2 protein chains.
Amino acid sequence: MSKTKSNPQTLSSVRNALRILKSFSTFEPTKRVSELAESLGLAKSTVSRLLATLASEGFVIKDEKTKAYKLGLSVLTLGGIVTNNFEIHKEAVPVLNKLVNDTGETAHLAILDGNDTIYIHKEECNHPVRILTHLGRRNPAYCTSSGKVLLAFSDRETVEQVIENGLVKHMPNTITDPDELRKELKKIREQGYAISTEELTEGTRSVAAPIRDYTGKVVCAVTVVGPIQRMHDHKIQEIAKKVVRAAEDASERLGYDKRYFRQLGK
Amino acid sequence: MSKTKSNPQTLSSVRNALRILKSFSTFEPTKRVSELAESLGLAKSTVSRLLATLASEGFVIKDEKTKAYKLGLSVLTLGGIVTNNFEIHKEAVPVLNKLVNDTGETAHLAILDGNDTIYIHKEECNHPVRILTHLGRRNPAYCTSSGKVLLAFSDRETVEQVIENGLVKHMPNTITDPDELRKELKKIREQGYAISTEELTEGTRSVAAPIRDYTGKVVCAVTVVGPIQRMHDHKIQEIAKKVVRAAEDASERLGYDKRYFRQLGK
DNA sequence: GAGGAAATTCCGCTATACGGAACAAATATG
DNA sequence: CATATTTGTTCCGTATAGCGGAATTTCCTC
C-alpha cells in the first residue's frame, strides 16, 4: 500500500480521501468515480465510499444528474480561515489594492512552500483580459517572479533543494541551467525585484518584490501579473518601481525599518 | 458510533478526519490533540494519528515547538479552486470592486447553503476600522442582510425550513418571530433590498441586494457591511441604491434582461 | 532535578474498510 | 427501439487497518 512513502502512523483511508480532494484542480474541477479509481489505483467501490463520506461533510458536492463530483463549500470555509491567519494579510491588503489601481494589473501576495510559491492573496484588476490564477495557486518557484524573489532572499539550502528537484523547461524562456539560476538570483538580490517573462506560462509577464518583517526577514512577495502586451519593455521599469514601492510600504507596516538595516550594511 | 447520523456507507476514520478540519475556526485557529480528543469523543491516540495523516498531506501544519496544529496550505489551494468554479465570480468581481470604491465599505458575494449564507467572495475596503469577516464565512440566513435577501427570493419551503430550524436571538434586534420574519421577507421582495442592523453582530450594519441570472432566478446576493457609525440612517438609503445598482449590473452581465422580465409582470 | 501534563508509540483485539462480484442505472450503439 | 456497454452503487466475506488503553517519551513547570 506504500505508493509514495506511507509514514508508519498514517491512516490509508484518510490519506486516500485527502488524495481525492487534492486531485481536483482549476483545469479539472469535476471528477468521476472510475476516473479517480483509475488514477489513484483503488477499487471503484472504495472511491465511491470515500466520496460519499466527503460529500456527507460538505467537502465535495455530487451532481446527482451527471454523478460528477466537485469540491464543496466546506473547503471554501476552511480556505478563508487559513487566509485570515496570515498576519501579513491585514497589513498588505490595502497596499495591494493601491498597487492594482496604480498598475491596472492583478496583484498577488505569495509565500514559499517547499519548492513552490503559493498565492496567499489575490487582488484582481478590471481589465477584461485577465490571467487565470487563483488563491492558493501553486507554481514552481524557479520560473515565476515571486518564486525567484523569495528564493533570492532565502538560504542557500533552499535554492539548492529547488535545483536538485529539477529545473523543468516549461517554456523557451525557462531557466534550466543551475548556474544561470544562481546568477539570476544574485541579480535579483542586487536590483531588489524580479521579472519573469514567459518562463512558465505563455503570454504572461510578472514582476515581484520582497516584503520584510520587523526582523528584516523576507516573509512574502508582492507580484503583479499581466499579459506581455500590457507589460511592455518600456513600461516594465515603471511597473517594477511601483511593485518595489508597494513591497516597501507593506514592509514598513510590518515594522521593518529600512534605515536601520541600511545602517547595518545589509 | 453514530453521533449525528452515520450514513451506512461512510467511513468513520475519514469522517473523523474531516470533523477535525471543520473544528478549526477564525476564533480558534489552532487546536491540540487532547482538546480535539475531548470535543470529538475520541481517544488521544486516534486523534494524534488522524492529525499526522492530515499533516502528511498538508491539510494541517504542526508547530513542532508548541505541538499545536493549524490549517495547512492544501486547504487554501482547494478553496481557491472552489472560488474559481463559480461563474458568477468572473462577472461580479469588477462590479464589486466598483461598489467598494463607491461606498468605501467592504463588499461580499453570498450564496445560500442550507440555512446559512456563505460568502463566496470578499472585496475589502481601505478603512482602518474593519469588520472581521472572511471568505467562506458561514452565517445564519435569517439575521444577515444577504441571507434575508436570498430567503426573500427563494421558495416557501426553504424559508419554512429555516424557521423550523429555530430563530435564535443573537442580539436584541434579531428577528425571532416567524411571522415577523415572513413580513420582513415580503418587504424585502417589494423594495428590492435588505438591511440588517445589529441582528447578528454588535456594531455592524449591512445592506444586500439580489443578483439574477439569465433565467431571472436569484443566484447570489451582493452585500456591503460596515460599522453602524459609518452606515448612518441618513446615508443608508444612498448606500442601498448603490448596492441595488451593483446587483443589477452584475445581473445584466449574467444575461438577465430586466425589461423582459418586467414585461412578464414578475 | 523532580513532578506532572501532554503527545506519541506500542500492542492486541475487533470492527472496519477493502476488493471483487453482483446489481442497477444510465448512456451509447446498431 | 432493443441491445450492448459503460459507470456507479450495494452486498459480502475476509484480512487488516484502525481503534482504545497502557506504556513511553517529551516537554513544561515549579
Side-chain angles (χ1 to χ4, degrees), chain A residues 1-25 28-72 74, chain B residues 1-24 28-72:
Chain A
M1 276 278 143
S2 53
K3 220 164 197 186
T4 38
K5 45 171 175 181
S6 54
N7 283 43
Q9 288 290 43
T10 61
L11 312 187
S12 53
S13 57
V14 175
R15 240 196 4 259
N16 288 334
L18 300 179
R19 291 244 174 83
I20 288 180
L21 288 178
K22 281 186 166 184
S23 73
F24 289 89
S25 73
E28 297 183 280
T30 66
K31 295 268 173 176
R32 352 196 65 251
V33 171
S34 28
E35 193 183 343
L36 286 165
E38 170 86 19
S39 65
L40 299 176
L42 298 168
K44 282 195 299 172
S45 54
T46 304
V47 173
S48 180
R49 260 167 301 164
L50 287 169
L51 282 168
T53 310
L54 288 167
S56 79
E57 296 289 334
F59 282 75
V60 298
I61 297 170
K62 179 183 180 181
D63 185 329
E64 287 295 345
K65 204 141 201 181
T66 66
K67 310 242 165 167
Y69 291 80
K70 62 177 178 183
L71 290 171
S74 291
Chain B
M1 278 284 141
S2 54
K3 223 172 194 182
T4 39
K5 44 171 177 182
S6 54
N7 282 42
Q9 290 289 42
T10 60
L11 312 186
S12 52
S13 57
V14 175
R15 240 196 4 258
N16 288 334
L18 301 180
R19 291 246 174 83
I20 288 179
L21 288 177
K22 281 187 166 185
S23 74
F24 290 89
E28 297 184 282
T30 66
K31 296 268 173 176
R32 350 195 70 251
V33 172
S34 27
E35 193 184 342
L36 286 166
E38 170 87 19
S39 65
L40 298 176
L42 297 169
K44 282 198 296 175
S45 55
T46 305
V47 173
S48 180
R49 261 168 298 165
L50 287 168
L51 283 168
T53 311
L54 288 167
S56 79
E57 295 290 333
F59 282 74
V60 298
I61 297 169
K62 179 183 180 178
D63 184 329
E64 287 295 346
K65 209 148 199 177
T66 66
K67 309 239 167 169
Y69 292 81
K70 62 178 178 182
L71 289 173

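Convention: sequence-line order gives letters A, B, ...; per-chain numbering from 1. Here the structure is a predicted model, which is why all the values come from computation and not from measurement.
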Task: First encountered from the 5' end of DNA chain D, between B:Ser13 and A:Ser48 - done: A:Ser48
Task: Counterpart residues, side-chain contact (heavy atoms from CB on, under 4.5 Å), relative to A:Lys70 (two or more places apart) - done: A:Thr30, A:Ile61
Open item on the list: With each end axis built from five pairs of C1' atoms, what bend angle do you get for the helix from C:dG1-D:dC30 to C:dG30-D:dC1? Round to 10°.
Closed with: 50°
- [ ] Mark yes or no for a side-chain to base donor-acceptor pair under 3.5 Å between B:Ser45 and D:dG20, with no hydrogen or angle criteria applied.
- [x] yes
TODO: Identify the heavy atoms of B:Lys31 and B:Ser23 that sit nearest to each other, and give their distance.
DONE: CE-O, 3.2 Å
- [ ] Measure the distance from CG on A:Leu50 to P on D:dT10 and round it to the nearest whole Å.
- [x] 14 Å
Task: Minimum-distance nucleotide (side-chain atoms of B:Leu11 versus C:dG19, C:dA17, C:dA7) - done: C:dA17
Open item on the list: From the set D:dC19, C:dT8, D:dT10, return the single nucleotide nearest to any side-chain atom of B:Asn16.
Closed with: D:dC19
- [ ] May I have the distance from B:Arg19 (atom CZ) to D:dC19 (atom P), rounded to whole angstrom?
- [x] 13 Å
Open item on the list: Using whole Å, what does the distance between atom C1' of nucleotide D:dG8 and atom CD1 of A:Ile20 come to?
Closed with: 14 Å
Open item on the list: Nearest whole Å is fine: how far is D:dG18 P from A:Arg15 CZ?
Closed with: 9 Å
Task: Whole-Å gap separating P (D:dG8) and CZ (A:Arg32) - done: 5 Å
- [ ] Answer yes or no: does a side-chain N or O of B:Arg49 lie under 4.0 Å from OP1 or OP2 of D:dG18?
- [x] no
Open item on the list: Output the rounded distance in Å from CD (A:Glu35) to C1' (D:dT7).
Closed with: 12 Å
Task: Pair A:Ser13, B:Ser13: side-chain N/O donor-acceptor within cut-off below 3.5 Å - done: yes
Task: Interatomic distance where CG belongs to B:Leu51 and P belongs to C:dT9 [whole Å] - done: 13 Å
- [ ] Could I get the full list of side-chain contact (heavy atoms from CB on, under 4.5 Å) partners for B:Lys62, not counting sequence neighbours?
- [x] B:Glu64, B:Tyr69
Task: Minimum heavy-atom distance between A:Arg32 and A:Lys67, given as atom pair plus value - done: NH2-C, 4.1 Å
Task: Spacing of CZ belonging to B:Phe59 relative to CG belonging to B:Leu21, to within rounding of 0.5 Å - done: 7.0 Å
Let me have the donor-acceptor pairs involving side chains of residues 41-55 of chain A, under 3.5 Å, with sequence neighbours excluded, atom names and distances please.
{"residue": "A:Ser45", "atom": "OG", "partner": "A:Arg49", "partner atom": "NH2", "Å": "3.4"}
{"residue": "A:Arg49", "atom": "NE", "partner": "A:Ser45", "partner atom": "O", "Å": "3.3"}
{"residue": "A:Thr53", "atom": "OG1", "partner": "A:Arg49", "partner atom": "O", "Å": "2.9"}
{"residue": "A:Thr53", "atom": "OG1", "partner": "B:Leu11", "partner atom": "N", "Å": "2.9"}

Open item on the list: Measure NZ/B:Lys44 against P/D:dT25 and give the value in whole Å, please.
Closed with: 16 Å
TODO: Choose from D:dT10, C:dA7, D:dA17 the nucleotide whose nearest atom is closest to any side-chain atom of A:Ser12.
DONE: D:dA17
- [ ] Work out which heavy atom in B:Pro29 is nearest to a heavy atom in B:Phe24; give both atom names and the distance.
- [x] O-CD2, 3.3 Å
Task: Set of residues satisfying salt bridge (Lys or Arg N to Asp or Glu O under 4.0 Å) with respect to B:Lys22, sequence neighbours excluded - done: A:Glu57
- [ ] List in numerical order all residues of residues 61-69 of chain B for which some heavy atom is under 4.0 Å away from an atom belonging to DNA chain C.
- [x] B:Lys62, B:Lys67, B:Tyr69
